[in-house]
Amino acid sequence: MTTPPAFELLAEPIRQYLWGEQWESLRDVQERAIPVIVPGDRDVVIGAATAEGKTEAAFLPALTHLLQGDGKGLIIYISPLKALINDQFGRLERLCENLDIPVYPWHGDITQTSKRRFSQRPNGVLLTTPESLEALFCNRGTTVLSFFSTTKFVIVDELHAFIGTERGKQLQSLLHRLERVIGRTIPRVGLSATLGDMSLAGAFLRPKGDPVIVESDAKTLNLMLLIKGYEEKLASKNGDEDPPEIAPKEIAEHLFTSMRGTNNLVFPNSRREVERYAHMLREMCEEANIVNQFWPHHGNLSKEIRAETEQALKQKDATATAICTSTLELGIDIGAVRSVAQIGPPPSVASLRQRTGRSGRRPGEPTILRSYQIEAALDDRSDLATQLRLNTFRTLATILLMTERWFEPPMTSGMHLSTLVQQFMSLIAQHGGIQASAAYGLLCSPGAPFEGLSKANFAALLRHMASLDLIMQDSSGLLLHGRVGERIVNHYTFYAAFTSDEEYRIVTSGKTLGSLPVSQMLASGQRILFGGRTWLVDEVDDVQKVIAVSATKGGSPPLFSGGGGRVHTRVRERMRSLYQGKHEVNFADARARGFVEQGRNSYHRLELDDRIVLDQGSHVLVLTWLGDAGNEALACLLNASGAEASAVELGVEVRKVPGGMDEVMDRIRNVANRPVPHVEELLARASNLQREKWDWALPVSLLQKSYASLYLDIDEAHAWARSILDAQLTT
DNA sequence: GACCTGCTGCGGATTG
């Protein structure tokens, strides 16, 4: 028997709508997703790039399923962004109008009236966020059942954005709790970018589940690639002058000439750099006497300014280029762009893939990526990173891995016990109090989000939370909120699983431009760059947390701090093979090729092929070529054996002891010969382990477990030490 | 440690 074409499986009114919209054919993922979603009895993960029609691949069959039922069913769509919900609402409403299925957006900006309409007749499509769902569980625990009893599907958009985060753990928990309230399994459909291992995305969508994976045909990337190198002269020796910063200007000039007249995206890796380049490019437009076409976009700019940039990109009769952070990495609709620029090393292979995927969407158009790399001029004082041209090699390794279609596997090992604290307090709110055993079953039993946490550990958590007045127990054994817990749960900030810094609002003549984290203090009279323009600080109000500014001219150093991300072992391995290789990098300009040659020369001069340790004066550098999680774990292992070690870019830096290099080798052998220590032992001397929102409410032993699960690859570090020992035994 | 994301209920005033 042959399967009928997917199109014929869709409900009649949906087919009519598609005819009306003049769809010529279904996309590959749609063709394959429709037959598995229509019956409504399987979990499905759809992996494809932006604009390959993932949303329709989920909604067309899900709505078909709804129409084939009694018409009273509900589809819950969960998105990480309000902006995405608003986008989706516009698109879905047109389709659903014809089907007589209501669509309700439900998030923090939606009015009570609109929410009330859904409450009165909860069916159709509900578009919401994890936080709004959390609020429903907390404030209307008793109505969750009546709201959601007819749910046929949960669709999670941008699944990859949830994996490996405390917010993702919260989502898993909410979906699990939802099914426990309703008393049955609800099919889950996850929409994800292409990931290194899609089955891990499935394991995230439903722990211990068995999803159908629908992955987009690996269509070859028609990539046009250019890497340009820029050399920055060193600051003067007396050090009282600002660094010259010629290179960023040269990069801005190249961006200006190669991008004006088309739509593009520029990713300089930090808000600070976004401001710097947006400002330079705006000035260049002024000098050239043309209307500005370069717009900034980042998370601290006000919604209005961001909307202005998105609008500029979308409109047809003028061109625009956005200088942006990862705010434009997710699926917000900004249309196709001609090219993408990456300044400095991309944060990860997966993120670079998402970014470049914004270009070359129209048939026949290539994907254009320009990568700009600044390195300091070499002299006899240059440090190891400069000599090795590390940033250039990291950029190259990341780009090559992308062209080889390798991506970081999603990080699913994190325990995120911070979120266990939240979910436990939320359960108390939902049920008006809960027994410890019931809570343990809901949160930690097989298939639950915190599966694997022992009863003893759970009890230790409850005791600790009680000691902090977060919870208390009544005479019947029922657990309730304590004084502190009551206050926390009854504030709206409780619903988010993640923290954010306290921020100052930047205001000019009554209009909010955006916000700044408080870490940077400002004085009046200072000039700042914000929203691509220069402002004079008139007044800083520490009570209202408002910075009043007025427009001014001239530039000064922008705000925000910069830095790096977490690097996977595979990227470091690829860097090493690039150092060892001889073949030319033929998609780089002369200067970038020069950096490659200089890096390789340094690598061979320092004999890094054979060396494990390198004398750095006061420190010894242990070269591992592992990822950050491996390096950090090795630093912990060495610390536990009495050294003073910390993870750095190429390995672990160890403070020199009287025994010198031999002593360090001894310690590595020691690590290799001993069994892997328990996490408690490993992190016994570590402090400052709190990273997530409720980490402060965890007992030390659980904080250590949670930290280790997120940041340390102990097995990898131990295996590395063993491999060193084995190599020495055989020579 | 880069980047990013999200948020209720209620009371009181104002308006149609």
Side-chain angles (χ1 to χ4, degrees), chain A residues 78-86 105-113 115-116 119 128-141 157-171 174 267-275 297-301 303 306 323-332 342-348 350-352 354-355 391 394 419 422 426 429 488-501 503 514-515 517 519 559-567 628-629 631-632 646-649 688-693 707 710-711:
Chain A
I78 299 174
S79 152
L81 299 177
K82 287 186 289 190
L84 213 53
I85 289 176
N86 299 341
W106 181 304
H107 58 66
D109 299 343
I110 300 296
T111 58
Q112 297 279 350
T113 356
K115 290 179 179 173
R116 212 167 295 130
S119 314
T128 192
T129 64
E131 288 73 18
S132 285
L133 210 51
E134 184 74 68
L136 279 174
F137 273 91
C138 283
N139 299 321
R140 316 187 195 200
D157 206 352
E158 307 280 357
L159 189 70
H160 58 277
F162 287 112
I163 305 179
T165 68
E166 39 197 337
R167 203 180 181 202
K169 189 52 81 177
Q170 174 189 31
L171 176 61
L174 289 169
F267 291 95
N269 285 353
S270 71
R271 292 168 295 198
R272 173 198 163 99
E273 295 298 305
V274 165
E275 288 294 343
H297 197 281
H298 62 71
N300 281 101
L301 292 170
K303 208 160 52 174
R306 281 197 261 179
I323 326 294
C324 55
T325 57
S326 47
T327 42
L328 290 185
E329 215 175 274
L330 291 184
I332 303 172
Q342 167 70 45
I343 303 174
S348 68
S351 144
L352 181 66
Q354 284 281 98
R355 292 174 179 190
N391 285 338
R394 179 135 77 87
T419 302
Q422 180 204 31
S426 172
I488 292 175
V489 176
N490 287 327
H491 193 265
Y492 67 91
T493 50
F494 174 75
Y495 311 125
F498 55 90
T499 47
S500 47
D501 294 335
E503 286 169 351
S515 62
S519 54
L559 299 163
F560 310 111
S561 51
R566 287 185 83 77
V567 180
D628 289 342
N631 285 337
E632 201 174 328
S646 54
V648 293
E649 166 94 35
N688 190 28
L689 296 181
Q690 292 178 19
R691 291 294 179 279
E692 302 189 326
K693 188 169 178 182
Y707 181 90
L710 275 175
Y711 297 104

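Keep in mind the model is a prediction, meaning the values are calculated, not measured. Throughout, a chain's letter reflects where its sequence line sits, starting with A, and its residues are numbered from 1.
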* For A:D109 and B:dG6, give me the distance from atom CG to atom P, rounded to whole Å. => 8 Å

* Give one of base, sugar-phosphate or nothing for A:E158, where a contact means two heavy atoms less than 4.0 Å apart. => nothing

* Asked: In whole Å, what is the span from the CZ atom of A:F162 to the P atom of B:dG6?
  -> 10 Å

* Asked: Which whole-number value in Å describes the distance from A:N490 CG to B:dT8 P?
  -> 14 Å

* To do: Would you check if the side chain of A:S119 reaches a backbone N or O of A:K115 as a donor-acceptor pair within less than 3.5 Å?
  => yes

* Closest nucleotide among B:dA2, B:dG6, B:dC4 to the A:K82 side chain -> B:dG6

* Contacts of A:N490 that satisfy side-chain contact (heavy atoms from CB on, under 4.5 Å) - sequence neighbours left out -> A:E486

* Are a donor atom and an acceptor atom from the side chains of A:H297 and A:T327 found within less than 3.5 Å of each other? -> yes

* Among B:dC3, B:dT8, B:dT5, which is the nearest nucleotide to the side chain of A:T325? -> B:dC3

* At under 4.0 Å between heavy atoms, what does A:R116 touch on the DNA or RNA strands: base, sugar-phosphate, or nothing? -> nothing

* Taking the side chain of A:T129 as its heavy atoms from C-beta onward, which of B:dC3, B:dG1, B:dC7 lies nearest to it? -> B:dC7

* Structure fact -> Sorted by chain and number, sequence neighbours left out, side-chain contact (heavy atoms from CB on, under 4.5 Å) with A:V489 holds for A:M425, A:A429, A:H481, A:F494

* A:L136 CG to B:dC7 C1', straight-line distance once rounded to whole Å -> 12 Å

* Please identify each residue that fulfils side-chain contact (heavy atoms from CB on, under 4.5 Å) with A:K303, with sequence neighbours left out. => A:D109

* Structure fact -> Sorted by chain and number, sequence neighbours left out, salt bridge (charged side-chain N to carboxylate O under 4.0 Å, His left out) with A:E131 holds for A:R167

* Structure fact -> Whether each nucleotide of nucleotides 9-14 of chain B has a protein heavy atom under 4.0 Å at its base (B), only at its sugar-phosphate (S) or at neither (-) is summarised, 5' to 3', as S-----

* **Nearest-nucleotide pick for A:S132, side chain only, options being B:dC4, B:dG1, B:dC7** => B:dC7

* Please tell me which of A:H491 and A:T327 maps to the more 5' nucleotide of DNA chain B, matching each residue to the nucleotide holding its nearest heavy atom. => A:T327

* To do: Starting at atom CG of A:N300, determine the distance to atom P of B:dC4, rounded to an integer number of angstrom.
  => 6 Å

* Under 3.5 Å, is there a donor-acceptor pair between the A:Y495 and A:N139 side chains? -> yes

* Which residues satisfy the side-chain contact (heavy atoms from CB on, under 4.5 Å) test with A:P346, sequence neighbours excluded? -> A:Q342, A:L352, A:T395, A:T398

* Closest to side chain of A:S270, choosing from B:dC3, B:dC4, B:dG6 -> B:dC3

* **Phosphate contact (B:dA2 OP1 or OP2) by A:R566 side-chain N/O below 4.0 Å** => no

* Asked: Which nucleotide sits closest to the side chain of A:R271: B:dG6, B:dC4, B:dA2?
  -> B:dC4

* Structure fact -> Here the distance between atom C1' of B:dT8 and atom CD1 of A:I488, to the nearest Å, is 16 Å

* Structure fact -> When rounded to whole Å, the OH to P distance for the pair A:Y492 and B:dT8 reads 10 Å

* Kindly point out which of B:dC7, B:dT5, B:dG1 is positioned nearest to the side chain of A:R167? => B:dT5

* Over how many whole Å does the gap from A:L328 atom CG to B:dC4 atom C1' extend? -> 11 Å

